[in-house]
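Working notes, beginning with the structure itself.
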Amino acid sequence: MTIAQATQIESEHVPGDKDVWVFVLGEMVIFSSYFFVYACLNRSVNEPVFAASRHHLNQTLALVNTLILLTSSLLIALSVQATRKRDYRVATRFVELGAGCGVLFLLLKGYEWYAKLSQGITLGTNAFFMHYFVMTGVHVLHVLIGLVFLAILRLELRTRAQPRVSLMEVGATYWHMVDFLWFLIFALLYLMR
Amino acid sequence: MSTLVSDVTAAPVEAVRNPKLDQWICWWSIPIFYNLFGLIFVYLGKLMPPPKPGLSQAEIIEFITSNKDSMQTAWVMLALTLGTASLSSGLIIEQMKRMKGVSHAFAYTYLTVLAVAALPGCLFCGIMFALAAFRPERDAELIVLLYDMGLLSFVGSLGCFVTQYMVFAFAIFLDQRRLFPRWLAYMSIWGLVTEFIAATIWTFRSGPYAWDGLISFYLGTVIFVLWEICLVVCLYKLIKHQPVEELHPAYGGAR
Amino acid sequence: MTAYFRGPLFYTWLFLVSATLASALLGLEGKAGVALIVLLIALVKCRVVIRTYMEVHAAPRWLRRSCDAWLLGNALMLSSPYWS
Amino acid sequence: MNINDQRICLWLVPIFGTLLSIAALTFLVPPSSPLMSAEEVARFYRENVAQVRASTVVFNVCGITFIPFYMVIVVQMQRMANPSRAFSYSYLSAAASGGTMFALADLGWLIAAFRPERSPQLTQLLNDMAWMAFITPVGFIMAQNLCLALGIYMDAGRKPIFPRWVAHFNVLTALLMAPGAFALMYTEGPLAWDGLLAFWLRTGTFAVYMAVMFFVVRAALDEQERSQRPSLDEPSLAVAA
């Protein structure tokens, strides 16, 4: 095999497998439809009620949550790297820390919701909070599914003599998607006005 | 048991022309059922796409009375043909039982959950609208109640489908024979998520998250139809490539 | 374990953190017209995650193109309310 | 044989059971009284609409997630050294009917909360319907428990799948849930749907039953993994035997 062929194969590598990309690309399109109804339907983002409601959101908490997810993504990426180096003990630790960040995200999100609900702000308060609760809710659901993936990765690393790199990539791919979808939700709901 | 098996093997194997006939009948019931379903709910019943939840009393009564005849035809047809749905579950369960490395717990769950879903998720709706169309001159409040009960049970029976998608995805992932492709399991997770999101229909009477909304109805329906088509194609391939040895001895199998 | 934090993945993380802080500062300002910059930063962050962490930079062309098409579509869609 | 699938079904119980318990504790406890007038019921729904919706939506979305657990019991019953598998299929059928009744009961609460401005008479009707459909169809869970108990009593294996006391426990819980059926005819007293017997004993028993059965089934799965006792599930083995 020549070097040219080798790099050719290298550049054609699908992270994980094709099936997970069907899943992830579909999820991305499905999420776009939530963004669409938020930003484009009725051109409602420019309405005064949106601007007024946005003031009730806790931007600092959301910022901290963004940084937590970012870090968790880094840890999972590092864990894939460690698996490639057959450094399984470290890879396991990275997965655990990454999942820990995910759990922390959920706790902070739960606190944020709790604060809203105790102020009497619910799903039905107004159009903005409808989008707020649905979008963050769908995202939380994805974080939960992502945590299931991470649990499977941990199981793979701990029980197999030769953990499969492709499986690690599958889980990591999904987790990174959960991460970058949050960037857009963060920008749309909390920052853009 | 062994005497029974040998008795049946005595039947001439040559006589069997299509050993998978039962499964093909079940398979064909799926396109037949969904065509009937379209005819009943879209064309005759006028429930897909659904009428608005925010209609006034007068508008709801107008909706029932003006569609009385076609609706009644629809519910008669539903009562007659809903049983077709059971045939498709039978096939899926038979194929799920071929999986290796999983016990029958998933297949039994699928069976049970679909038995549950046929009632609150489908027939109940037909009965409620049949009740409304039966005597549209009823008190207006009662017609609104029947309208709500019909549409909300139809669009809002979520738990059965949550469980169905969940166990189906798990079964595909754990199956060591890899009978179904993995992407079908991932698609089931899309379906699972849409069922969770559809829970918003209990709060909103207009907008994208109401029962006729862009997300909770249209997105959910698109994903469901896509999933169903993929499932049907996968089932076709599964039946076609199923080794005859797995069938009953009387049909050329070595079971 | 600490050796892992000296690679490109970590530098990407540093970039993402600074981009996030920058966009948060812009958002706190709350000036009109800043929204589009915030959106741009978010999309750039998404692309960085897709390219590096998800390793799409080394993926087949169809995958790279699909991801970019999704980003472009979202950029157009989400900026449309702010055009006028 | 790999039993990860059964373990997944088993663990759905604590995961969704916690969610369902929270929803039940906020909405069903304390139970609303059947003596409330139509106006009072309507006012209850108007004033607590967000809370009623939140709890009943959880019932709606997660209420069927116990079925996989019951199906693990079915699979375990089929491993028993019973003359046939009849009881296991009866158990399955009863679980399906019980699940359907729960789904229908929940629709009543949800539809009442969907339009709280509805005529009070109708809101009361929906509320009554939901409570009755929730509390009274105890026959199904009783049939499940009794089938399981009979299966255990008749398990002739040298190492029974479930210990004997589980059978006694199932008979006992079946009896304790039986008073629920009387909520169909009483508006007050211990047999009304908010009463000591029909509500507290019936739902309390169910909660304890699920918790105990979780550990019982978990132990049975551990045992299955350890012994690798071939399951009747595998057709090849069934024929070979």
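Residue numbers begin at 1 in each chain, while the letters A, B, ... track the order of the sequences.
- Within a 6.0 Å radius of CZ in C:Phe5, more than 12 heavy atoms belonging to other residues, nucleotides or ligands are found.
- At a 4.5 Å heavy-atom cutoff, the contact between C:Leu63 and chain A is made by side-chain atoms alone.
- The structure places CG of C:Leu78 at 7.0 Å from CZ of A:Phe35, a figure rounded to the nearest 0.5 Å.
- Contact annotation for A:Leu75: only side-chain heavy atoms (C-beta onward) come within less than 4.5 Å of a heavy atom of chain C.
- Of the atoms belonging to A:Thr173, heavy atoms from both backbone and side chain fall under 4.5 Å from chain C.
- Interatomic distance, CZ of A:Phe186 versus OG of C:Ser23, reported as 5.5 Å (0.5 Å rounding).
- Between the side chain of C:Trp70 and the backbone N or O of A:Met28 there is at least one donor-acceptor pair closer than 3.5 Å.
- Of residues 36-43 of chain C, those residues lying under 4.5 Å from chain A by any heavy-atom pair are C:Val38, C:Leu39, C:Ala42, C:Leu43.
- Contact of A:Thr71 with chain C is made through backbone and side chain together, with heavy-atom distances under 4.5 Å.
- With a 4.5 angstrom heavy-atom cutoff, A:Ala82 touches chain C via backbone and side-chain atoms both.
- For A:Leu97, the part lying under 4.5 angstrom from a heavy atom of chain C is the side chain only.
- Pairing each heavy atom of A:Cys40 with each of C:Met77, the nearest pair is SG-O, 3.2 Å.
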**Study point:** Verdict with supporting geometry, A:Leu191 and C:Leu26, side chain to side chain contact (heavy atoms under 4.5 Å, CB included)
**Key:** CA-CA 8 Å; A:Leu191 298 179; C:Leu26 284 169; over 6 Å; no
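- The candidate from A:Met177, A:Arg84, A:Arg89 with the greatest count of non-hydrogen atom pairs under 4.5 Å with chain C is A:Arg84.
- Across A:Gly16, A:Ala172, A:Ala77, A:Ser32, the residue that shares the most heavy-atom pairs under 4.5 angstrom with chain C is A:Ser32.
- Each of A:Leu181, A:Leu25, A:Ile76 has some count of heavy-atom pairs under 4.5 Å with chain C, and the biggest count is that of A:Leu25.
- To the nearest 0.5 angstrom, C:Phe15 atom CZ is 11.0 Å from A:Leu70 atom CG.
- Relative orientation of the C:Tyr53 and A:His176 rings is tilted, given thresholds of 30° and 60° on the angle between their planes.
- Neither the backbone nor the side chain of A:Tyr190 has a heavy atom closer than 4.5 Å to any heavy atom of chain C.
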